[in-house]
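First up is the structure itself, then whatever we jot down about it.
All chains are named by letter (A, B, ...) in the order of the sequence lines, taking the proteins before the strands, and each is independently numbered beginning at 1. Here the structure is a predicted model, which is why all the values come from computation and not from measurement.
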Amino acid sequence: MPELPEVETVVRTLRPFVEGQSLQDIKVYWPRIVQGPLKRTWQGQTVKVLKRRAKFIVMQLDSGFLTTHLRMTGQLIPVDALPRRQMPHVHAAFVLTNGAILFQDVRKFGRIRFLGPADYALWESKLGCEPLEESFTADWLYESTRKRRRQLKPALLDQGFIAGLGNIYVDEALFVARLQPTRLAADLSRQDCSRLHGAIQKVLRKATAANGSSFMDFKFLGGQEGGYTDEMLVFRRTGLPCPRCKRPIERIVLGGRSTHFCRSCQI
DNA sequence: CAGAGCACCTGTGGGC
DNA sequence: TGCCCACAGGTGCTCT
């Protein structure tokens, strides 16, 4: 479900609820939601910072980090207190001093994990460049694509390359950059990379400002929907006219993912 | 190394 | 109405 703009929206709206609170308990109702050992060291620690890294929501504690990935259908819902009755699809809950955060996830793909400081550093180093930070430049993109002999779409979905892009925003950014998703990353010119760099940042910034997009069931604060859904240019618009040339948007499958693009505008 | 296929899960919508 | 299939914003595995 959520890509960078959606995860960023979740983090921003949850931050005032979470930061400064102490983590009293973690309730786990479906054990497979936990990755690795959930040692008790987190108990009683203060949440110093809530931040996003790639598509992960990271609670920085006094010593260690609690990471959450929403995958396709996960949601974090703040509540005043743990519900008395088990709610549908709620598989875990973070109990804080002032309430709780429920982890609801229809498809059960989401995961939580506790990482000690050393483990966190290693884990963090394997994630790719943050596309809205200063280190992500057109030059960096050009140099980094030189050695990637793979198609643009799967290359941009690789979280160890650029962190936070997903199916929606890759399709949208490639359309804005006028690049075909099947192009080899290594074949891009400097000018191509400059357009792609600008397109990625433009699309992510606009989507984040609109609180992301809600196609199926992305919601934040337990019910609000993202405002970017109606801004989509090609994503899930198969057969509809291209916003630039009016020829029908095509849908193909690349890397196992639905891919939407305009064959005449994107070269 | 790149790409295809499948696995993990549940729900929804379309076609017959 | 009911059944079957395709598909869904992600990631990680095996096999070729």
Pairs under 3.5 angstrom only: tabulate donor-acceptor contacts from the side chains of residues 157-171 of chain A to other protein residues two or more places apart or in another chain.
unit_1	atom_1	unit_2	atom_2	d
A:Asp158	OD1	A:Gly160	N	2.9
A:Gln159	OE1	A:Gly164	N	2.9
A:Gln159	NE2	A:Leu157	O	3.1
A:Gln159	NE2	A:Leu165	O	2.9
A:Asn167	OD1	A:Lys153	NZ	2.6
A:Asn167	ND2	A:Ser258	O	3.1
A:Tyr169	OH	A:Glu6	OE2	2.7
A:Tyr169	OH	A:Ser213	OG	2.7
A:Asp171	OD1	A:Lys153	NZ	2.6
A:Asp171	OD2	A:His260	N	2.8
A:Asp171	OD2	A:His260	ND1	2.8

Nearest-nucleotide wise, let me know which of A:Gly256 and A:Gln159 is further upstream toward the 5' end of DNA chain C. A:Gly256
Measure from [atom1] on [X] to [atom2] on [N] and round the result to the nearest Å.
| X | N | atom1 | atom2 | value |
| --- | --- | --- | --- | --- |
| A:Ile162 | C:dG10 | CD1 | C1' | 17 Å |
| A:Ile33 | C:dG10 | CD1 | P | 18 Å |
| A:Phe215 | C:dA8 | CZ | P | 11 Å |
| A:Arg32 | C:dG10 | CZ | C1' | 15 Å |
| A:Arg257 | C:dA6 | CZ | P | 18 Å |
| A:Phe161 | C:dT11 | CZ | P | 16 Å |
| A:Leu127 | C:dT11 | CG | C1' | 12 Å |
| A:Phe109 | C:dG12 | CZ | P | 13 Å |

Which other residues belong to the hydrophobic cluster containing A:Leu82, where Ile, Leu, Val, Met, Phe, Trp and Tyr are joined when side-chain heavy atoms lie under 4.5 Å apart, directly or via other members? A:Tyr29, A:Ile77, A:Val79, A:Met87, A:Val90, A:Val95, A:Leu102
Assess whether a salt bridge exists between A:Lys108 and A:Asp105, defined as any Lys/Arg side-chain N lying under 4.0 Å from an Asp/Glu carboxylate O. no
Distance under 6.0 Å and angle within 45° of ring axis: A:Arg244 vs A:Phe175: yes
So, is the end of the A:Arg52 side chain (NZ or CZ) under 6.0 Å from the ring centre of A:Phe56 and within 45° of the ring's axis? no
Find the distance between CD (A:Gln45) and CG (A:Leu61) and round it off to the nearest 0.5 Å. 5.0 Å
Using 0.5 Å steps for rounding, measure from the CZ atom of A:Phe261 to the SG atom of A:Cys242. 11.5 Å
May I ask you to say what [X] touches in the nucleic acid, namely base, sugar-phosphate or nothing, with a heavy-atom cut-off under 4.0 Å?
| X | result |
| --- | --- |
| A:Ser258 | sugar-phosphate |
| A:Arg111 | nothing |
| A:Tyr169 | nothing |

For the side chain of A:Thr145 and the backbone of A:Leu141, is there at least one donor-acceptor N/O pair under 3.5 Å apart? yes
Side chain of A:Gln266, backbone of A:Cys262: donor and acceptor closer than 3.5 Å? yes
Taking atom P in both B:dG5 and C:dA6, what distance in whole Å separates the two? 14 Å
Integer angstrom distance from the P of B:dA4 to that of C:dC7: 16 Å
If you count every heavy atom of other residues, nucleotides or ligands that lies below 6.0 Å from A:Arg247 atom CZ, does the total exceed 12? no
Base-paired stems in DNA chain C, each at least three Watson-Crick or G-U pairs under 3.5 Å: B:2-8 with C:10-16, B:10-16 with C:2-8
Distances under 3.5 Å between protein N/O atoms and the N/O atoms of nucleotides 13-16 of chain C, please, pair by pair.
none

Would you sort out whether A:Glu225 and A:Phe218 count as a side-chain contact (heavy atoms from CB on, under 4.5 Å), showing the intermediate values? CA-CA 7 Å; A:Glu225 300 203 340; A:Phe218 169 70; over 6 Å; no
For A:Phe136, all residues meeting ring-ring contact (aromatic ring centres under 6.0 Å, His included), sequence neighbours excluded: A:Trp140, A:His197
Using a 4.0 Å cut-off to any heavy atom of chain A, which nucleotides of DNA chain B are the first and last in contact, reading 5' to 3'? B:dA2 to B:dG11
